[in-house]
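This chain uses plain numbering: 1 for the first residue, then up along the sequence. What's counted below: heavy atoms across the whole structure, side chains too, no hydrogens, waters or symmetry copies.
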Amino acid sequence: SFPTRRSSDLPGFNRMDECLKHSKELGLKMRGHVLLWHAQTPWWFFVEDYGEGDYYVDTDEMNARLEWYIKTVLEHVAEWEKKNNNGEHIVEIWDVVNEVCSDNVTDSNWIRGEENSEWTKVYEDDSYIVNAFRYANKYAPADVELVYNDYGCTSPRKRKGMLKIIDAIQAAPDARLDAMGMQ
């Protein structure tokens with residue numbers, strides 16, 4: 001089951017709605033950025049009682065929170081588009097995961113962790129990345145592209161890590177990855 005949080009608990013829906021409104025008025029399409037960012041998710045999202053507890057949640061709870069968040073954001077945008085834009089997509093692309101590849105890739109470590117990512121403190125592996133793409137695939141319209149985005153793609157070592165991430169996503173039968181965004 002999903003955590004007991006409402007979409008109104010999420011900061012930014014008013015700003016998101018304003019962006020959607022202005023994009024519609026200007027006839028623009030958007031790229032949604034981002035559903036999971038290694039360093040931009042607030043710490044309280046990872047701990048008991050959303051910051052009231054003293055310990056990190058376990059992976060089952062974190063998966064529920066991650067799915068709830070992605071579901072809530074994607075369904076909110078789809079509802080807005082349905083209500084305000086005749087169901088036509090304004091957000092045609094979603095960056096599902098952003099900048100999770102380590103700058104110090106080794107054969108045994110290619111995700112951020114040594115940089116104090118809260119995600120790796122809970123998961124200790126890259127399963128949260130794959131899960132984000134599973135949940136995005138589950139809730140995003142099939143014609144909206146799902147993207148992994150990162151920087152440093154010209155570095156052979158970092159590119160090797162990015163390919164490991166992409167391989168893990170593509171190996172999951174219920175995950176979808178349509179493109180790689182390169183900064």
Side-chain angles (χ1 to χ4, degrees), residues 1-13 15-16 31-77 94-140 146-153 155 157-158 160-169 171-172 174-177 180-183:
S1 69
F2 290 115
T4 53
R5 300 291 265 191
R6 300 173 311 278
S7 61
S8 60
D9 293 333
L10 293 174
F13 268 26
R15 288 186 294 175
M16 180 185 292
R31 180 181 186 134
H33 182 79
V34 60
L35 297 172
L36 187 156
W37 194 343
H38 82 93
Q40 299 300 321
T41 308
W43 67 270
W44 53 260
F45 194 66
F46 300 94
V47 296
E48 295 174 329
D49 299 319
Y50 293 95
E52 301 299 321
D54 294 328
Y55 300 100
Y56 286 102
V57 297
D58 62 23
T59 56
D60 289 339
E61 174 65 17
M62 199 65 233
N63 284 332
R65 290 180 184 192
L66 179 59
E67 183 175 5
W68 165 82
Y69 178 77
I70 290 172
K71 176 184 189 295
T72 301
V73 171
L74 293 178
E75 286 182 349
H76 178 84
V77 170
W94 274 102
D95 288 336
V96 177
V97 176
N98 188 55
E99 299 177 353
V100 294
C101 186
S102 175
D103 291 329
N104 302 306
V105 171
T106 66
D107 288 337
S108 61
N109 179 36
W110 52 91
I111 59 173
R112 290 184 184 269
E114 68 276 6
E115 296 94 346
N116 296 318
S117 168
E118 304 294 337
W119 292 101
T120 51
K121 287 179 184 175
V122 172
Y123 285 93
E124 299 179 356
D125 63 20
D126 63 358
S127 62
Y128 67 96
I129 300 165
V130 175
N131 288 343
F133 279 92
R134 283 184 171 119
Y135 305 144
N137 185 41
K138 185 175 178 179
Y139 298 108
L146 303 180
V147 176
Y148 169 64
N149 189 61
D150 217 317
Y151 66 90
C153 302
S155 162
R157 197 163 79 176
K158 185 148 181 178
K160 182 179 178 181
M162 290 178 206
L163 291 173
K164 287 181 180 255
I165 292 168
I166 290 168
D167 287 345
I169 297 164
D174 54 346
R176 175 167 56 101
L177 172 65
M180 168 72 193
M182 298 180 282
Q183 299 171 191

| query | At what distance, to the nearest 0.5 angstrom, does CD of Glu99 lie from OH of Tyr148? | reply | 8.0 Å
| said: Assess, by modelled atom type and distance only, whether the side chains of Asn104 and Ser102 contain a donor and an acceptor separated by less than 3.5 Å. | reply: no
| task | Begin from the C-alpha positions of Phe46 and Lys121 and carry the test side-chain contact (heavy atoms from CB on, under 4.5 Å) through to its verdict. | result | CA-CA 9 Å; Phe46 300 94; Lys121 287 179 184 175; over 6 Å; no
| query | To the nearest 0.5 Å, how far apart are CZ in Phe133 and CD1 in Ile70? | reply | 9.0 Å
| Would you call Lys71 and Glu75 a salt bridge, taking side-chain N to carboxylate O under 4.0 Å as the test? | yes
| query | Do you know which of Tyr128, Trp37, Trp119 makes side chain to side chain contact (heavy atoms under 4.5 Å, CB included) with Val100? | reply | Tyr128
| note | Tested for side chain to side chain contact (heavy atoms under 4.5 Å, CB included) against Asn98, the lone hit among Gln40, His38, His33 is His33
| task | Please report the closest heavy-atom contact between Arg65 and Val47, naming both atoms and the distance. | result | NH1-O, 2.9 Å
| Lys138 with Asp174: basic N within carboxylate O range, under 4.0 Å | no
| N-O pairing of Asp126 and Lys164 below 4.0 Å | no
| said: Is it true that Arg134 and Asn137 share a donor-acceptor pair across their side chains at a distance under 3.5 Å? | reply: no
| message | Looking only at side-chain N and O atoms, does Gln183 offer a donor or acceptor that is under 3.5 Å from a partner on Asn149? | response | yes
| request: Take Trp94 and Val77, measure what side-chain contact (heavy atoms from CB on, under 4.5 Å) needs, and give me the verdict at the end. | output: CA-CA 11 Å; Trp94 274 102; Val77 170; 3.9 Å; yes
| message | Minimum heavy-atom separation for Asp150 and Met162, please, with both atom names. | response | CB-CE, 3.9 Å
| Parallel, tilted or perpendicular for Phe45 and Tyr50, by the 30°/60° rule? | tilted
